[in-house]
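Note sheet for the following structure.
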There are 2 protein chains.
Amino acid sequence: MKLFIRVMKALSDPNRVRVIKMLGAKELCVCEVRQLIGLAQSTVSKHLKILEEAGLVTYRKEGSWIIYRLTQGEESEYARVMLRNLKGWLTDDPELQEMLDKTSQIDRERICAA
Amino acid sequence: MKLFIRVMKALSDPNRVRVIKMLGAKELCVCEVRQLIGLAQSTVSKHLKILEEAGLVTYRKEGSWIIYRLTQGEESEYARVMLRNLKGWLTDDPELQEMLDKTSQIDRERICAA
DNA sequence: TCACTATATCGCCATATGGCAATATGGTGA
DNA sequence: TCACCATATTGCCATATGGCGATATAGTGA
């Protein structure tokens with residue numbers, strides 16, 4: 001029950017759902033997410049942690065960047081099924097569509113000066 | 001997005017998930033739910049409203065009882081898919097199992113004196 | 001080492017949520 | 001009509017949540 005609730009809570013916030021959809025298009029470092037979603041860095045970091053603890057996203061380090069991507073739901077059936085559902089869901093939301101356009105265009109080198 | 005979030009929020013509370021699982025076994029009036037779940041009547045009523053607004057449950061009147069049951073997700077793909085998933089999920093949760101046993105045994109006439 | 005960048009964590013605040021008791025509403029049956 | 005039952009709504013409280021700025025941590029590169 002606890003794990004299920006954790007996944008549902010993680011998906012109960014529109015900004016976190018936006019992050020999931022963005023990461024569905026392309027893996028992103030924290031400052032790219034911050035740019036795309038327009039929240040404070042600390043807020044983005046908190047959201048990513050919640051998604052990670054639900055088994056929905058994972059990350060790797062690359063230099064001083066931390067690059068997040070969706071998981072395959074290896075840790076949680078709930079995460080796996082919800083990620084699969086979300087691929088098909090919300091595809092006609094215009095605000096999300098615009099965000100996804102920006103996501104595919106974004107250039108990490110330009111946004112996060114290295 | 002709003003509808004999706006509404007479904008996720010509805011499923012983010014363990015007591016509401018318990019109600020869903022109970023109603024998956026059998027339709028129930030509010031006082032039966034109250035008995036099974038052990039919360040105040042006003043709290044149960046509030047939870048049922050949230051589930052209803054998410055398109056997960058519906059109700060009919062029968063005398064002075066209001067009898068709730070799961071929907072078929074006619075109103076919402078999100079509700080439909082989640083209800084289908086939930087049928088298979090949490091089936092080995094011992095605390096839920098016990099509640100489901102009680103649910104199938106419950107006798108409306110005995111609990112809710114008419 | 002130092003300055004700089006990226007990220008995480010902390011402390012705070014406003015609002016949302018889940019709980020209850022009390023009250024309102026509406027049907028039942030004498 | 002009146003008393004009673006089931007349910008919904010309201011008002012209140014404690015805790016959770018989502019937001020931010022400030023600070024801590026850690027890597028980079030001079």
Side-chain angles (χ1 to χ4, degrees), chain A residues 1-2 5-20 23 27-54 56-69 106-114, chain B residues 1-2 5-20 23 27-54 56-69 106-114:
Chain A
M1 172 70 91
K2 235 169 143 183
I5 296 294
R6 196 175 295 167
V7 174
M8 292 300 102
K9 275 190 192 289
L11 296 176
S12 288
D13 177 82
N15 282 322
R16 285 196 292 268
V17 174
R18 290 182 189 113
V19 171
I20 294 275
L23 293 179
E27 60 174 28
L28 296 166
C29 72
V30 181
C31 59
E32 288 176 301
V33 175
R34 182 177 118 49
Q35 276 287 324
L36 289 163
I37 210 165
L39 292 174
Q41 179 264 322
S42 58
T43 306
V44 171
S45 189
K46 203 190 278 189
H47 281 317
L48 287 166
K49 184 173 191 175
I50 290 170
L51 291 171
E52 199 247 329
E53 287 172 347
L56 292 159
V57 309
T58 185
Y59 60 87
R60 69 173 194 279
K61 300 195 183 187
E62 193 161 297
S64 61
W65 291 329
I66 308 234
I67 301 184
Y68 280 82
R69 65 175 187 281
I106 205 166
D107 177 352
R108 186 173 304 147
E109 299 295 335
R110 221 183 50 213
I111 297 295
C112 318
Chain B
M1 170 70 91
K2 235 170 142 181
I5 296 295
R6 196 175 295 166
V7 174
M8 291 300 102
K9 276 190 191 292
L11 295 176
S12 288
D13 177 82
N15 281 323
R16 285 196 291 268
V17 174
R18 288 182 190 114
V19 171
I20 295 275
L23 292 178
E27 60 174 27
L28 296 166
C29 71
V30 181
C31 61
E32 288 176 302
V33 174
R34 181 176 119 50
Q35 275 288 324
L36 289 163
I37 210 165
L39 293 174
Q41 180 264 324
S42 57
T43 306
V44 172
S45 189
K46 202 190 280 189
H47 281 316
L48 286 167
K49 184 174 191 175
I50 290 170
L51 291 171
E52 200 248 328
E53 288 173 346
L56 292 159
V57 311
T58 185
Y59 61 88
R60 69 174 194 280
K61 299 195 181 186
E62 192 161 297
S64 61
W65 291 330
I66 308 232
I67 301 183
Y68 280 82
R69 65 174 187 282
I106 207 166
D107 177 352
R108 186 173 305 147
E109 300 294 335
R110 222 183 49 213
I111 296 296
C112 318

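Heavy atoms only: backbone and side chains are in, while hydrogens, waters and symmetry mates are out. So you know, we letter chains A, B, ... as the sequences are listed, proteins then strands, and number each from 1.
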Atom [atom1] of [X] and atom [atom2] of [N]: how far apart are they, to the nearest Å?
X: B:L11; N: C:dG18; atom1: CG; atom2: P; result: 12 Å
X: A:K61; N: D:dA26; atom1: NZ; atom2: C1'; result: 7 Å
X: B:W65; N: C:dG26; atom1: CH2; atom2: C1'; result: 16 Å
X: B:E52; N: D:dT7; atom1: CD; atom2: P; result: 15 Å
X: B:R60; N: C:dG27; atom1: CZ; atom2: P; result: 17 Å
X: A:R34; N: C:dT5; atom1: CZ; atom2: C1'; result: 12 Å
X: B:L51; N: C:dG18; atom1: CG; atom2: P; result: 10 Å
X: B:I111; N: D:dT7; atom1: CD1; atom2: P; result: 12 Å

- Query: Heavy atoms under 4.0 Å, any strand shown: does B:Y68 hit a base, just sugar-phosphate, or nothing?
  - Reply: sugar-phosphate
Review point. Quick one: which of D:dA6, D:dA8, D:dG27 gets closest to the side chain of B:S45?
Key: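 Closest nucleotide among those given: D:dA8.
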Can you tell me which nucleotide in D:dA6, D:dT9, C:dT7 comes closest to the side chain of B:K49?
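The nucleotide sitting nearest to the side chain is D:dT9.
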Rounded to 10°, the angle between the first-five-pair and last-five-pair axes of the helix from C:dT1-D:dA30 to C:dA30-D:dT1 is 20°
Contacts satisfying side-chain hydrogen bond (donor to acceptor under 3.5 Å, both in side chains) that involve residues 32-42 of chain B (not counting sequence neighbours) are B:E32-B:R108
Quick check on side chain to side chain contact (heavy atoms under 4.5 Å, CB included): which of A:V19, A:I20, A:L23 does A:L56 satisfy it with?
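Result: among A:V19, A:I20, A:L23, A:I20 is the only option passing the side chain to side chain contact (heavy atoms under 4.5 Å, CB included) with A:L56.
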Given B:I66, B:V30, B:I67, the one that forms side chain to side chain contact (heavy atoms under 4.5 Å, CB included) with B:Y59: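 So the option named by the test is B:I66.
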Heavy-atom contacts, protein to nucleotides 14-25 of chain D, under 4.0 Å, summarised as B (base), S (sugar-phosphate only) or - (none) per nt, yield ---SBBBBB---
Original post:
Among all residues two or more places apart in sequence or in another chain, which pass the side chain to side chain contact (heavy atoms under 4.5 Å, CB included) test with A:S64?
Top reply: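 For A:S64, no residue satisfies side chain to side chain contact (heavy atoms under 4.5 Å, CB included) once neighbours in sequence are set aside.
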- Task: May I ask you to test the A:D13-A:I50 pair for a side-chain heavy-atom distance under 4.5 Å?
- Result: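 When only atoms from C-beta onward are counted, A:I50 and A:D13 do not touch, as no gap falls below 4.5 Å.
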Exercise. Assess whether side chain to side chain contact (heavy atoms under 4.5 Å, CB included) is satisfied between B:T43 and B:N15, documenting all intermediate values.
Key: CA-CA 10 Å; B:T43 306; B:N15 281 323; over 6 Å; no
Notebook entry, point to check: Who pairs with A:E52 by salt bridge (Lys or Arg N to Asp or Glu O under 4.0 Å), at least two apart in sequence or on another chain?
Noted result: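 Checked A:E52 against salt bridge (Lys or Arg N to Asp or Glu O under 4.0 Å); zero matches.
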B:R16 meets the salt bridge (Lys or Arg N to Asp or Glu O under 4.0 Å) criterion, sequence neighbours left out, with none
Could you tell me the separation between the SG atom of B:C29 and the CZ atom of B:R69, rounded to the nearest 0.5 Å?
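CZ of B:R69 is found 14.5 Å from SG of B:C29.
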